[in-house]
Structure formats: structure tokens, C-alpha cells
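So that the names make sense, note that chain A is the first sequence line, chain B the second, and so on, each numbered from 1.
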2 protein chains.
Amino acid sequence: MAMKEFLRTKGFKMTPQRDLIFKSFFEMDRHVSVDELYDRVRQLNSSVGYSTVWRNLKLICKIGLAEEVNLGDGVTRYDRVTKVPHGHMYCLKCKELIEFNVDHIMDFLTVTANENNFLPEGYKIEIQGYCAKCRETMSEDNGDRLT
Amino acid sequence: MAMKEFLRTKGFKMTPQRDLIFKSFFEMDRHVSVDELYDRVRQLNSSVGYSTVWRNLKLICKIGLAEEVNLGDGVTRYDRVTKVPHGHMYCLKCKELIEFNVDHIMDFLTVTANENNFLPEGYKIEIQGYCAKCRETMSEDNGDRLT
DNA sequence: CTGAAAATGAAAGTCGTTTTCATTAACGTG
DNA sequence: CACGTTAATGAAAACGACTTTCATTTTCAG
Ligand SMILES: [Mn+2]
Ligand SMILES: [Mn+2]
Ligand SMILES: [Zn+2]
Ligand SMILES: [Zn+2]
């Protein structure tokens, strides 16, 4: 009942679809795309519409429980919000996202913003490349171009 | 003639359109989108096609003179490559991109990648928020929600 | 010059995202 | 509970940046 109450205070209603979508999102791996969540939700209730999943993902962001992540591959992913900001290592081959702690950097970024009179709303720290798993695979397949 | 030679060594040909597009790109503010460059090029030669501008921007990237920048607003921008990696402060209101030095951070990112056996190909360091100019405007317009 | 290969421009295609619209459901109120 | 207002839903269409296709033109090495 907690989520329902929370939503009410913000002027939103609870529905069976919404309940299912929210629960599925929080149970799945963070960083899901609309399609991925849609597929999962459909397994549990095949009548839920794509736009409903999309709208609820947006809603989850609006109420501050997730944020959109854009990695330049044309697909928006949704990342559960945690207290700790973090960075992402993004594998260009398997698309996996590995998170890493970023505390060391935050001071620097904050100061930089300040110096420029820039009001920060969010940060994005990303390393693109190839994950350990893919590096193995790739070096087996074809010499070792990557090491 | 320098660029023409350079292209030839890579198997590409020089054309009047290409020449115009390349020159326009390097004269404009970095971080242009296809549309922005297209508009500029059309001012100088209104018969150049959109796809030609697009293809040449891709080419500039392929030969290593620029890279794509994605900020999650659905528009790809093209950033001239410089020896120094840098971060971007991205104004959510006026879309301006302010660059900042990022040397302090690179060590940390390199080490982080290493620890995870991740092979880095590129980095993205971004601060999203509101630039000095927009902050002024906004606080005039409506109290000072932003300070 | 000539011919093979690359480049161009217009138009069409792609694909994830977003909006529209008619209908249904939620839920505070009486 | 019944009601009325308002939000939510699902299907389909619209959107828009990006990418490809294809017929034609241009480049440039030989
Ligand atoms: Mn994350
Ligand atoms: Mn830049
Ligand atoms: Zn991988
Ligand atoms: Zn601004």
C-alpha cells in the first residue's frame, strides 16, 4: 500500500497495470529499456500496452525514483536512483553497464561547476570500451587486436 | 591542398561540396549538429544536399578529426578532436556546451577501468545544469527558484 | 582521355520515442 | 453504494533524427 499512498499525494492513481509495471521495474536489473521492461511485463500480463509501460517509466522518473540514461546508441535506459551517484562503464560489444563509485571525482566536478557559475543538476561519468568478458571472446576469435 | 592529399591517402576523393563542408565545419563553433552545419553550408552553396553534409560529418569522424557527442536530447553533435580530452557542461536551457579540463580525473578513470579489466576506448564527463547566463535570466523572470 | 570507383542529391526507409483519441477505470464525495 | 470528475489505458498514428537506396554525376589514376 505504500506506493499507492505515495502516488496519491502526488495526484496519481494506482492501477493494476501500474502496479505490475512498477514492481517489475524494481525487480529487474536496473538500466532496462522500455522494450525490455515491456517484454517482461507482457510475460505477466499480455494485455498491457507499450505506451502504458513507457508512460509509467516516465512517471517513475518524474517522482524521482529513476533517471534516464543515454549512451548514444539510440536507446534510453532507466536507472534506479540511489543516494550514491555513480559512473558507468559501457561495453560497446555486449552493451553491459558496469557501475563504479565516483566519490573521488565529485569534489572536482562541483568545484568546476562553481568556478563557471554553472548550476549542476546532474552528472554523467562514462567509460566506453570493452568489458572483461568481451575482451576474452574477442582475443580468442581473432588474434589479439585488443590487447 | 593539404586536406586533399590527406584524403587521397585514405582512398577518398575531394569534391567542391566536401571542401565546403570541411571548411565550414572547422570554421564554425565545434559541437555543431548536422542541421546546424547544413544550414551554414546552404548559405554558401544552396545546392548541397543534407545527406552529403551528414556523410561528410561521418567521414570527418572516421578519419579521426572529430567525434560524435551525445547528450541525451536526441541530437548528435560533432566535436573537433583535440589532443586534450575534456568534459562538457551542458546547459539544459540554452543548450550551450562549455568545455572544461579533465586531467585531474583521467588517472582515476584509467585505474578504475584497469581494476575491472575493462578496455577503455573513450570517456564522457558531463555536468548538466544551467549556465551563468541562463541563471541570471531565470532569476529575473521568476523570483530565484534556482539559487 | 577513359573507365573504375567514389560522391552526390532526392527520396524513401528506419526505429525509438511521443502524442492523439476514444474508451475504461480509479476513487473522493454525497 | 452510486456518482461524477479526473486520471489511466491501449491502439494507432505521428514525429523526427538518422540512415540507406538508387540513379546520376564527378573525380582522378593510368
Ligand atoms: Mn547506473
Ligand atoms: Mn567538446
Ligand atoms: Zn561486453
Ligand atoms: Zn544556458
Side-chain angles (χ1 to χ4, degrees), chain A residues 1 3-25 31-39 41-42 44-63 66-78 95, chain B residues 1-25 31-39 41-63 66-78 95:
Chain A
M1 203 83 306
M3 181 55 78
K4 182 174 176 178
E5 294 309 320
F6 180 59
L7 284 174
R8 178 160 46 217
T9 68
K10 304 236 177 187
F12 302 108
K13 298 173 176 174
M14 180 50 81
T15 68
Q17 294 93 329
R18 174 160 294 167
D19 192 47
L20 177 59
I21 293 168
F22 273 50
K23 283 182 174 139
S24 300
F25 175 68
H31 307 127
V32 291
S33 62
V34 180
D35 280 316
E36 286 164 352
L37 186 58
Y38 175 62
D39 287 345
V41 167
R42 293 282 285 204
L44 304 170
N45 176 347
S46 62
S47 69
V48 178
Y50 177 91
S51 40
T52 300
V53 174
W54 178 81
R55 280 187 288 236
N56 275 288
L57 236 13
K58 289 286 191 187
L59 180 61
I60 291 174
C61 292
K62 193 188 306 192
I63 63 182
E67 13 185 79
E68 302 192 341
V69 182
N70 269 92
L71 302 133
D73 64 353
V75 179
T76 302
R77 283 152 222 277
Y78 293 83
K95 318 287 187 197
Chain B
M1 203 79 310
M3 181 56 77
K4 180 173 177 177
E5 294 310 319
F6 180 59
L7 285 174
R8 177 157 47 214
T9 68
K10 304 239 177 187
F12 302 107
K13 297 173 176 174
M14 180 49 82
T15 68
Q17 294 95 328
R18 174 160 295 168
D19 192 48
L20 177 58
I21 292 168
F22 273 50
K23 283 183 174 138
S24 300
F25 175 70
H31 307 129
V32 291
S33 62
V34 180
D35 279 316
E36 286 163 352
L37 186 58
Y38 176 63
D39 288 345
V41 167
R42 293 283 285 207
Q43 291 172 1
L44 304 171
N45 175 347
S46 62
S47 70
V48 177
Y50 176 92
S51 39
T52 301
V53 174
W54 178 81
R55 280 186 288 238
N56 275 289
L57 236 14
K58 288 288 192 187
L59 179 61
I60 291 173
C61 291
K62 191 186 308 193
I63 62 181
E67 12 185 83
E68 302 192 341
V69 183
N70 270 91
L71 302 134
D73 63 352
V75 179
T76 302
R77 283 152 222 279
Y78 293 82
K95 317 287 185 196

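Note on K10(A): nothing from the nucleic acid sits closer than 4.0 angstrom, heavy atoms only. Note on S33(A): nothing from the nucleic acid sits closer than 4.0 angstrom, heavy atoms only. At a threshold of 4.0 angstrom between heavy atoms, the contacts of N56(A) are confined to the sugar-phosphate backbone, with no base atom among them.
For the pair M14(B) and R42(B), both in contact range of DNA chain C, the more 5′-proximal nearest nucleotide belongs to M14(B). Mapping I21(B) and Y50(A) onto DNA chain C by nearest heavy atom places I21(B) closer to the 5' end of the strand.
With rounding to whole Å, Q17(B) atom CD is found 8 Å from dT27(D) atom P.
For a distance-only test at 3.5 Å, the side chain of R55(B) qualifies as a donor-acceptor partner of the base of dT21(D). Counting atom types as modelled, R8(A) pairs no side-chain N or O with a base atom of dT6(D) as donor and acceptor under 3.5 Å. Interface remark: the T15(B) side chain does not form any donor-acceptor pair with the dA6(C) base, using a distance-only criterion of under 3.5 Å. Residue K13(B) places no side-chain atom within donor-acceptor reach of the base of dT26(D), judged by atom type and a 3.5 Å distance cut-off alone.
Remark: the S33(A) side chain and the D35(A) side chain contain no N/O donor-acceptor pair separated by less than 3.5 Å.
A distance-only check finds no donor-acceptor pair linking the side chain of N70(A) to the backbone of G72(A) [under 3.5 Å].
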